[in-house]
Protein chains: 2
Amino acid sequence: MGTKERKQRQFEEREHRFLAAARELIREDGLLKLQMSRIAERAEYAVGTLYLHFASKEDLLLALTIEQVREHVELFLRVARWEASSRERMFAFGVADMLFVRRNPEHFRIGQYVFTEVVWNAASAERRAELLEANDPIGALVVGLINEAVDAGDLMLRGLTAEQVSVGVWALTIGTHNLVHAEGVMDDFNVRDPYRLFCRHLQTLLNGYGWNPLVDIADDGALDTLILRVSRELFPDLCGDCTAQAAKAAA
Amino acid sequence: MGTKERKQRQFEEREHRFLAAARELIREDGLLKLQMSRIAERAEYAVGTLYLHFASKEDLLLALTIEQVREHVELFLRVARWEASSRERMFAFGVADMLFVRRNPEHFRIGQYVFTEVVWNAASAERRAELLEANDPIGALVVGLINEAVDAGDLMLRGLTAEQVSVGVWALTIGTHNLVHAEGVMDDFNVRDPYRLFCRHLQTLLNGYGWNPLVDIADDGALDTLILRVSRELFPDLCGDCTAQAAKAAA
DNA sequence: ACCGATCCGTGAACCTGATTCAAGATAGAA
DNA sequence: TTCTATCTTGAATCAGGTTCACGGATCGGT
């Protein structure tokens, strides 16, 4: 009897529907004004039903993040499968991150909120574990690539572990997102395209590690060309303005 | 008549007292359990009085952050006045940050929360402006140092502005704090001393910029010696375990 | 088709905690 | 001392997250 399975499926569909409703409301009114009763209303269910799915509002926010992280992982998987040098792939991880967050500015905001002590501790332990688990592949792919680069002779760890190297790249990435989303910082600093700047910093850091082949940091054209190549070959679907970028790079 | 001034001073003292009470409560029970009524109680004033100072709970959190930022700036000023090479001073900014956050783990947590869309927008515009302003010197000092390094011939900007370079360092720093405070990340990655690791990443990034004199990334002893020197010369008051570190470095 | 048992969905009521504001206290001026 | 302006108070209000007693749907057995 597949009746159990059907119920299960319907339950999951409903959960997805709640999350979609929540995402809509966040887009419309911002995270600040998100209300549980509104989410239920928008999804056309009662509040009580909403609470059959999520132990608390914070729990729902984690669930929202988990869905996004899974999409995020998809992008990283594309990079991992890409036929390119280890250095290019590491750079492509950065580009993936940049495109993802640019596409989903809400995601970063929610994620930032969710990893806050207050919210994190207010969510259920199960959901927290699920989120951490959903995140795992990202770290694993990066570490895997670093190890591959070492094996290929492109990179020397020089006393660090692959994990430790990945922490550096990761920190730069997260920090960039934080700054981009912080009120006015980037404007004050006259940074037009913060994510392009991030790409340069990433290349700088990778050069610092001595990750071969080294790139010429000052070569703007090469940077744009590479970003464009990654965007085109790996993320044509995410990058509506690829053509515009191509024009810019050509100029 | 100095009666106006006296009132003013008493008002400020009371504000400080509220903030101190809030900080105490956060230390005791965590940010999650912070309640306005408790703060008032602890400071021995009525709730209404508390609201004479802060437009909302979020506003109070910003005020808390502002106080800490001012202390933070003090540390950066010490670095700026330090007699050392530009590269050493830039590194010392990193050490200052690391020591500060290590000393005040709460500060980072609150700051992280406060810069969240939800909290940020729930605070008063005045307080937000005040916080941004309090932060300004940090950026200015770093940018100033970068310019000085360029003038001294220690660094070439290679098409970037000083502000843009500072964004890279800043991103790495903020990202590190985020990772350190995120549940389990550093443990999973077998990172014993994440801030020491940060120092290495910082040196790596600075090497990537070609900031002279370049350092040997793999030289752990030199790294420890430099951290120790900065700690001793600039922050003897913040670094109770300097002697322990000295022993380690000597071994 | 009917029946009881079980499970599911509901939303009004509840509860916590932030915020307000009318009333009372206080300090300065005359 | 008395009057007024200002400050302080904390009980009352309000918002919104969370619960749970109720009614209706589903299902297996007859």
Side-chain angles (χ1 to χ4, degrees), chain A residues 1-19 21-22 25-26 28-64 113-114 116 118-124 127, chain B residues 1-15 17-19 21-22 25-26 28-64 113-114 118-124 127:
Chain A
M1 192 62 52
T3 172
K4 221 24 176 284
E5 285 70 16
R6 178 172 51 77
K7 284 262 176 91
Q8 175 66 18
R9 203 171 336 111
Q10 286 179 341
F11 190 82
E12 277 166 20
E13 276 168 23
R14 196 171 60 184
E15 181 148 325
H16 187 72
R17 187 170 172 153
F18 279 130
L19 293 175
L25 289 170
I26 292 172
E28 288 168 21
D29 300 331
L31 194 48
L32 183 56
K33 293 195 190 143
L34 189 68
Q35 283 177 228
M36 292 304 265
S37 55
R38 292 276 190 80
I39 298 172
E41 192 182 19
R42 177 69 62 108
E44 298 180 294
Y45 283 97
V47 201
T49 311
L50 182 54
Y51 276 88
L52 292 177
H53 291 262
F54 310 102
S56 65
K57 187 179 178 180
E58 287 77 14
D59 218 47
L60 181 143
L61 291 176
L62 286 236
L64 225 39
Y113 190 50
V114 146
T116 262
V118 174
V119 179
W120 184 261
N121 290 324
S124 69
R127 200 71 73 168
Chain B
M1 195 51 63
T3 173
K4 220 28 177 282
E5 285 70 17
R6 178 173 51 79
K7 284 262 176 90
Q8 174 67 19
R9 202 170 338 110
Q10 287 179 339
F11 190 82
E12 278 166 19
E13 277 168 22
R14 196 172 59 184
E15 181 148 326
R17 188 171 170 150
F18 279 131
L19 292 175
L25 288 170
I26 291 172
E28 288 169 22
D29 300 332
L31 193 48
L32 183 57
K33 292 195 191 143
L34 189 68
Q35 282 176 228
M36 292 304 264
S37 55
R38 292 275 190 82
I39 298 172
E41 192 182 18
R42 177 69 61 107
E44 298 179 293
Y45 283 98
V47 200
T49 310
L50 182 55
Y51 276 88
L52 292 176
H53 291 262
F54 309 102
S56 64
K57 187 178 178 180
E58 287 76 15
D59 217 46
L60 181 144
L61 291 176
L62 285 236
L64 225 39
Y113 189 50
V114 147
V118 173
V119 178
W120 184 260
N121 290 324
S124 70
R127 199 72 72 168

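Protein chains get the first letters and strands the later ones, always in sequence-line order, with residue 1 at the start of each. Everything numeric here is computed off the predicted structure, so don't read it as measured data.
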Could you check how far [atom1] of [X] sits from [atom2] of [N], rounded to whole Å?
| X | N | atom1 | atom2 | value |
| --- | --- | --- | --- | --- |
| A:Leu52 | D:dT19 | CG | P | 11 Å |
| A:Lys7 | C:dG9 | NZ | C1' | 12 Å |
| B:Asp59 | C:dA18 | CG | P | 14 Å |
| B:His53 | C:dT19 | NE2 | P | 16 Å |
| B:Phe54 | C:dT20 | CZ | P | 15 Å |
| B:Glu15 | D:dC7 | CD | P | 15 Å |
| B:Phe18 | C:dA18 | CZ | P | 14 Å |
| B:Leu50 | D:dG10 | CG | C1' | 13 Å |

- Looking at CD1 of A:Ile39 and CZ of A:Arg17, how far apart are the two atoms once the value is rounded to the nearest 0.5 Å?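 Here the interatomic distance stands at 13.5 Å.
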- Message: I need the B:Glu44 CD to B:Phe18 CZ distance, nearest 0.5 Å.
- Response: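 It is 10.5 Å, given to the nearest 0.5 Å.
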- In a check of side chain to side chain donor-acceptor pair (under 3.5 Å) between B:Glu12 and each of B:Gln8, B:Arg9, B:Gln10, which one passes?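 It is B:Gln8; the other options fail the test.
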Which nucleotide in [options] has an atom nearest any side-chain atom of [X]:
| X | options | value |
| --- | --- | --- |
| B:Tyr51 | D:dT9, C:dT20, C:dG11 | C:dT20 |
| B:Lys57 | D:dT9, C:dA18, D:dT18 | C:dA18 |
| A:Val47 | D:dT19, D:dT9, C:dT19 | D:dT19 |

- Hey, are A:Arg38 and A:Glu28 close enough for a salt bridge, meaning a charged N less than 4.0 Å from a carboxylate O?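 Salt bridge absent between A:Arg38 and A:Glu28.
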So, is [X] near the phosphate of [N], with a side-chain N or O under 4.0 Å from OP1 or OP2?
| X | N | value |
| --- | --- | --- |
| B:Arg6 | C:dA27 | no |
| A:Thr49 | C:dT10 | yes |
| B:Arg14 | D:dC7 | no |

- Task: Looking only at non-hydrogen atoms, find the nearest pair between B:Leu52 and B:Phe11 and report the distance.
- Result: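 Taking B:Leu52 first and B:Phe11 second, the nearest heavy atoms are O-CZ, 3.9 Å.
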- Would you say the side-chain atoms of B:Lys57 pair up with the backbone N or O of B:Ala122, donor to acceptor, closer than 3.5 Å?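 Between the backbone of B:Ala122 and the side chain of B:Lys57 there is no qualifying donor-acceptor contact (under 3.5 Å).
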- Query: Of all of residues 28-44 of chain B, which get a heavy atom below 4.0 angstrom from DNA chain C, listed by number?
  - Reply: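 Here the set is B:Leu34, B:Gln35, B:Met36.
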- Taking side chain as C-beta onward, heavy atoms only, is B:Trp120 less than 4.5 Å from B:Leu62?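 When only atoms from C-beta onward are counted, B:Leu62 and B:Trp120 do touch, with a gap below 4.5 Å.
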